[in-house]
Amino acid sequence: MTPGLDSRAAESLLAFWAEAGVDACFDDAPVDRTRLPPPAPRQATLKAVASVQAPVASGDIAAAVAEARRLAAAADSLEALGEAIAAFEGCGLRTQGARQAVFARGNPTAPILAIGEGPGAEEDARGQPFMGEAGRLLDRMFAAAGLTDRVFITNTVFWRPPGNRTPTPEEQAVCAPFVERTLALLRPKAVLLIGAAAAKSVLQTDDGILKLRGQWREWRLAEGDISAPALATLHPAFLLRQPLRKRQAWSDMLALSARLEGES
């Protein structure tokens with residue numbers, strides 16, 4: 001202990017550093033942190049990657065998409081669509097540790113369709129999207145913008161990706177017929193695309209979320225002459241890590257609310 005520093009003062013100093021984010025002390029022995037650890041053996045790396053994401057043949061994807069379209073087209077209500085998703089076996093995520101299909105929550109007659117990327121651990125356990133900390137932040141933002149009970153929420157994929165990784169474009173493509181059928185059944189006045197994965201999948205673009213957010217674009221289905229204005233915004237999980245970005249997300253929420261008021 002530093003000479004002249006009593007135990008109470010030491011505890012106060014430690015509490016100050018803890019609040020400042022310091023979570024480690026110097027070791028007794030010096031550590032050379034400029035040295036990089038040796039790379040993992042190639043065989044182990046390949047095995048780890050293969051356990052998380054298995055390759056899918058293009059023919060398998062085409063067959064799965066065709067089956068998804070058949071099941072989605074037969075659903076005449078959102079409830080029936082949820083049952084069709086639960087029965088669908090064409091998405092590889094279903095057999096990679098997910099407990100159940102996670103379709104949607106919210107008002108089935110809502111004027112807003114909100115689409116995220118995919119369920120996480122808490123959503124997988126509870127069977128509804130956006131139920132974790134990020135979901136609670138999203139709900140608070142909807143409430144602050146006067147949009148509570150005016151939103152129907154779903155995702156681009158309906159099974160939790162292992163390790164909460166971002167779903168692949170192939171996985172999103174297999175689930176896309178169900179997402180499109182959701183739009184056709186709900187007929188919302190506006191669509192909110194939450195995060196980069198959802199925005200890129202729905203809008204079929206490689207642009208980053210910081211470029212996409214805040215801009216209204218048209219989402220038009222290939223069949224049925226069905227379309228809706230779509231607005232991309234930042235994912236609440238990103239906002240929890242980057243709270244200074246909340247101002248941009250709030251601006252998007254206000255734009256969404258204004259759009260509804262202008263069409264009501």
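Numbers for residues simply follow the sequence, beginning at 1. The model shown is predicted, which means the values in this text are computed figures rather than measured ones.
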Restricting to pairs with a member in residues 173-197, which pass ring pair (Phe, Tyr, Trp, His ring centres under 6.0 Å), not counting sequence neighbours? Phe88-Phe178
Do you know the tightest heavy-atom contact between Pro119 and Asp124? CB-N, 4.5 Å
Just wondering, more than 12 heavy atoms not from Glu218 lying within 6.0 Å of its CD? yes
Can you check whether Phe238's main-chain N or O pairs, donor with acceptor, with Arg245's side chain at less than 3.5 Å? no
Evaluate the salt bridge (Lys or Arg N to Asp or Glu O under 4.0 Å) criterion for residues Arg70 and Glu67: first the C-alpha distance (whole Å), next the side-chain angles of each, then the deciding distance (0.1 Å), finally the verdict. CA-CA 5 Å; Arg70 184 187 69 80; Glu67 176 64 7; 2.7 Å; yes
Correct closest heavy-atom pair for Pro177 and Ala72 would be O-CB, 3.6 Å
Min side-chain heavy-atom separation Arg105-Pro129 under 4.5 Å: yes
What distance separates Arg217 CZ from Asp207 CG, expressed to the nearest 0.5 Å? 5.5 Å
Nearest heavy atoms of Val65 and Ala173, plus distance in Å: CG2-O, 3.7 Å
Sorted by chain and number, sequence neighbours left out, salt bridge (charged side-chain N to carboxylate O under 4.0 Å, His left out) with Glu79 holds for none
Check: Arg99 side chain, Ala121 main-chain N or O, donor-acceptor pair, under 3.5 Å: no
Contact between Ser227 and Leu183 at the side-chain level, heavy atoms closer than 4.5 Å - yes or no? no
Is there a donor-acceptor contact under 3.5 Å from the side chain of Arg187 to the main chain of Ala184? yes
Rounded distance (nearest 0.5 Å) linking atom CG of Leu93 with atom CZ of Arg160: 11.0 Å
Looking at CZ of Phe142 and OG1 of Thr148, how far apart are the two atoms once the value is rounded to the nearest 0.5 Å? 8.5 Å
Taking the side chain as C-beta and beyond, is there a heavy-atom pair between Leu147 and Ser257 under 4.5 Å? yes
Hey, are the side chains of Asp225 and Arg220 touching, using non-hydrogen atoms and a 4.5 Å cut-off? yes
Rounded to the nearest 0.5 Å, what's the gap from CD on Gln100 to CD on Gln128? Could you check? 9.5 Å
Set out, in order, the CA-CA distance, both residues' side-chain angles and the distance that settles salt bridge (Lys or Arg N to Asp or Glu O under 4.0 Å) for Arg69 and Glu223, then state yes or no. CA-CA 12 Å; Arg69 291 197 183 282; Glu223 300 177 358; over 6 Å; no
With heavy-atom distances below 4.5 Å as the criterion, would you say the side chains of Asp139 and Arg136 are in contact? no
Given 3.5 Å as the limit, does a donor-acceptor pair link the side chain of Thr233 with the main chain of Ile194, or not? no
Say whether, by atom type as modelled, one donor and one acceptor occur between the side chain of Gln172 and the main chain of Ala197 under 3.5 angstrom. yes
Is there side-chain contact between Phe130 and Asn155, with at least one heavy-atom pair below 4.5 Å? yes
Under a 3.5 Å distance rule, please check whether Thr95 uses its side chain to pair with a backbone N or O of Gly92 as donor and acceptor. yes
How many angstroms lie between atom OG1 of Thr182 and atom CG of Leu81, to the nearest 0.5 angstrom? 4.5 Å
Distance, nearest 0.5 Å, that separates CD of Glu171 from CD1 of Ile61: 9.0 Å
Leu192 and Met253, any side-chain heavy atoms less than 4.5 Å apart: yes
If you look at every heavy atom in Ala255 and Trp216, which pair is closest and at what distance? O-CZ2, 3.8 Å
Are Asn164 and Glu117 side-chain neighbours, meaning at least one heavy-atom pair lies under 4.5 Å? no
Heavy-atom pair of closest approach, residues Ala104 and Phe152: CB-CZ, 3.3 Å
